Amino acid sequence: MQTEPEFTFSIIVPTYNRPARVRECLAALCELDYPKDKYEVLIVDDGGDDPLDDVVTTHPSGPKVRLLRQKNGG
């Protein structure tokens with residue numbers, strides 16, 4: 001028996017030291033006219049100095065949001 005994937009697609013947002021821009025981006029993504037349970041947003045922090053934990057949250061009216069961190073790779 002084959003199960004459906006949890007999400008239809010993922011939106012990947014790479015960032016480096018831009019918490020204000022990430023906040024703006026997430027707000028815009030929450031406004032998409034698309035079923036929120038069909039996509040997720042992955043924020044990829046490329047080793048930035050500014051913490052994003054308070055910025056990257058799942059909004060009640062938005063899609064699932066996950067934060068991935070990696071060592072700076074440029």
Side-chain angles (χ1 to χ4, degrees):
M1 176 188 234
Q2 186 176 8
T3 60
E4 289 188 35
E6 186 176 354
F7 299 105
T8 304
F9 63 94
S10 299
I11 297 173
I12 301 170
V13 181
T15 187
Y16 179 76
N17 286 337
R18 298 181 299 169
R21 296 297 301 259
V22 170
R23 184 177 284 112
E24 292 172 10
C25 181
L26 285 175
L29 291 172
C30 286
E31 296 298 319
L32 287 177
D33 185 21
Y34 198 83
K36 307 302 185 209
D37 61 338
K38 297 295 181 187
Y39 68 100
E40 68 176 342
V41 178
L42 303 176
I43 305 296
V44 181
D45 180 9
D46 189 30
D49 298 323
D50 298 331
L52 295 175
D53 296 307
D54 292 340
V55 175
V56 178
T57 60
T58 298
H59 300 275
S61 63
K64 179 178 179 178
V65 179
R66 293 192 295 151
L67 174 61
L68 304 173
R69 293 183 179 96
Q70 66 180 29
K71 187 175 177 180
N72 182 258

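Owing to the predicted nature of the structure, the values given are computational and were not obtained by experimental measurement. All residue numbers refer to positions in the sequence shown, counting from 1.
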Query raised in the report: How far apart are the C-alpha atoms of Asp53 and Arg69, what are their side-chain angles, what is the distance that settles it, and do they pass the salt bridge (charged side-chain N to carboxylate O under 4.0 Å, His left out) test?
Result: CA-CA 11 Å; Asp53 296 307; Arg69 293 183 179 96; 2.2 Å; yes
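- The shortest distance between side-chain heavy atoms of Glu40 and Pro63 does not fall below 4.5 Å.
- In this structure, Asp54 has no side chain to side chain donor-acceptor pair (under 3.5 Å) partners at least two apart in sequence or on a different chain.
- Put simply, the side chain of Asn17 gets close to the backbone of Asp50: a donor and an acceptor are under 3.5 Å apart.
- In this structure, Glu6 CD and Asp37 CG are separated by 10.0 Å, a value rounded to the nearest 0.5 Å.
- For the atom pair CG of Asp45 and OH of Tyr16, the computed distance is 9.0 Å after rounding to the nearest 0.5 Å.
- Expressed to the nearest 0.5 Å, how far NZ of Lys64 lies from NZ of Lys38 amounts to 15.0 Å.
- Applying side chain to side chain contact (heavy atoms under 4.5 Å, CB included) to Leu67 and the options Thr15, Val41, Leu52 leaves one that passes, Leu52.
- Between the OH atom of Tyr39 and the CG atom of Leu32 there is a distance of 4.0 Å, given to the nearest 0.5 Å.
- When side chains are defined from C-beta on, Leu26 does not count as touching Arg21, because their heavy atoms never get closer than 4.5 Å.
- If you take CZ on Arg23 and CD1 on Ile43, they are separated by 11.5 Å, rounding to the nearest 0.5 Å.
- Of all heavy-atom pairs between Asp46 and Lys71, the closest is OD1-O, 3.4 Å.
- Within the 4.5 Å cutoff, no side-chain heavy atoms of Ile11 are placed close to those of Leu42.
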